[in-house]
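Taking it in order: structure first as structure tokens, then the write-up.
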Amino acid sequence: MGKFLKPGRLVVMLAGRYAGKKAILIKANEESTKDAKFPNGLVVGIQRYPRKVTKRMGQKQIRKRTTLKVFIKQLNLNHIMPTRYRLEESTLKEVRDRIERVKEAELKNVEKRKDLRKNLRKYLAEKYRTLPAGSLADKKAQSRFLFSKLRF
């Protein structure tokens, strides 16, 4: 069977604080490392999703309702469920570049992590505001799945 947990895959978190939230798989280590004795991966996910916007709302209210909250987490690969959706290459590259600017050791630093989350939040919020209209069958509109709350 082929490897399907590749970077860019949209996943659903299954365990812990962010259970039921959607995330983007950034890095996947199939082997255990010195820090983690299990197969692990780095994910960037959406903790608070954007809310519904109508025509009657003003620009200020629209901007406020389309903000989101982002999380970054390294976790066991058994605690995520892959979906059929993948993030488009350009978006994945941009997110990965923003994360790689911060070194692996600096991710443990609270201030660096906070700055990275803020940076990613701005980028993903702008990406959400400029989403094309269309169905999920359209390749460009597949990132819409990431920004919608999981209903179950």
Side-chain angles (χ1 to χ4, degrees), residues 4-29 36 40-152:
F4 55 89
L5 282 175
K6 295 178 182 171
R9 176 72 57 189
L10 295 181
V11 297
V12 176
M13 309 288 286
L14 296 177
R17 174 187 207 172
Y18 304 113
K21 304 294 183 188
K22 296 176 189 175
I24 308 162
L25 185 64
I26 302 297
K27 253 188 246 178
N29 300 327
N40 58 64
L42 181 69
V43 295
V44 172
I46 298 180
Q47 187 176 349
R48 188 184 323 126
Y49 293 95
R51 294 170 32 207
K52 187 177 176 182
V53 174
T54 61
K55 286 183 182 179
R56 290 176 38 170
M57 293 178 187
Q59 286 295 78
K60 185 177 178 183
Q61 191 173 14
I62 288 174
R63 185 157 298 283
K64 189 173 182 179
R65 290 179 73 91
T66 57
T67 56
L68 33 100
K69 193 171 181 182
V70 176
F71 66 87
I72 304 162
K73 191 147 181 75
Q74 185 169 4
L75 71 157
N76 191 331
L77 291 181
N78 291 333
H79 298 168
I80 59 174
M81 181 177 68
T83 63
R84 64 182 176 178
Y85 301 106
R86 286 183 58 84
L87 206 60
E88 56 197 39
E89 236 6 84
S90 61
T91 307
L92 175 64
K93 185 178 182 318
E94 184 65 35
V95 170
R96 193 182 299 144
D97 287 346
R98 289 169 190 260
I99 290 175
E100 287 175 356
R101 286 183 203 147
V102 179
K103 294 177 182 58
E104 195 74 29
E106 291 178 347
L107 274 177
K108 291 179 175 40
N109 184 351
V110 176
E111 290 301 316
K112 295 281 184 179
R113 233 177 136 84
K114 197 172 186 179
D115 291 341
L116 179 60
R117 267 200 321 263
K118 189 175 183 181
N119 192 348
L120 287 170
R121 185 187 77 216
K122 285 180 184 175
Y123 176 72
L124 289 175
E126 194 54 44
K127 194 73 181 163
Y128 172 72
R129 290 184 190 113
T130 59
L131 266 179
S135 68
L136 287 174
D138 184 19
K139 281 284 188 197
K140 286 281 189 191
Q142 278 197 0
S143 57
R144 182 183 320 284
F145 176 76
L146 175 67
F147 297 111
S148 62
K149 193 172 183 179
L150 189 63
R151 303 284 180 191
F152 61 94

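Taking both residues in full, the closest heavy atoms of A19 and L14 are given as CB-O, 3.7 Å, listed atom of the first, atom of the second, then distance. Between L146 and Y49, the closest heavy-atom pair is O-CE2, 3.5 Å. Smallest separation of non-hydrogen atoms from P7 and R86: O-NH2, 3.1 Å. Minimum interatomic distance between T91 and K127 (heavy atoms only, all atoms of both residues): OG1-CE, 2.9 Å. The shortest heavy-atom contact between K6 and L25 is O-CD2, 3.8 Å. The heavy-atom pair separating Y128 from R51 by the smallest distance is OH-O, 4.3 Å.
In this structure, the side chain of K21 does not engage the main chain of M13 through any donor-acceptor pair within 3.5 Å. In this structure a side-chain-to-backbone donor-acceptor pair under 3.5 Å is missing from R65 to P50. Between the side chain of K22 and the backbone N or O of S148, at least one donor-acceptor pair lies under 3.5 Å.
In this structure, the separation between CZ on R9 and CD1 on I80 is 10.5 Å, given to the nearest 0.5 Å. Between N40 atom CG and L75 atom CG the span is 8.0 Å, to the nearest 0.5 Å. The distance from atom CE of M57 to atom NZ of K52, rounded to the nearest 0.5 Å, is 8.5 Å. The distance from the CD1 atom of I72 to the CZ atom of R113 is 5.5 Å, given to the nearest 0.5 Å. Atom CD of E100 is separated from atom NZ of K27 by 6.0 Å, given to the nearest 0.5 angstrom. Here the CG-OG1 distance, from L150 to T83, works out to 10.0 Å after rounding to the nearest 0.5 Å.
Under the 4.0 Å criterion applied to side-chain N and carboxylate O atoms, R98 and E94 are assigned as salt-bridge partners. A salt bridge is defined here as a Lys NZ or Arg NE, NH1 or NH2 lying under 4.0 Å from an Asp or Glu carboxylate O, and E111 with K114 fails to meet this definition. Between D97 and K93 there is a salt bridge, since at least one side-chain N of the basic residue sits less than 4.0 Å from a carboxylate O of the acidic one.
Two residues are said to be in side-chain contact when any heavy atoms from C-beta on lie closer than 4.5 Å; Q59 and I62 meet this criterion.
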Stepwise side-chain contact (heavy atoms from CB on, under 4.5 Å) check, R63 with R129: CA-CA 9 Å; R63 185 157 298 283; R129 290 184 190 113; 2.9 Å; yes
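For E89, the CD atom sits in a loose shell: 12 or fewer heavy atoms of surrounding residues, nucleotides or ligands are nearer than 6.0 Å. Crowding of R48 atom CZ: a count of heavy atoms from other residues, nucleotides or ligands under 6.0 Å not exceeding 12.
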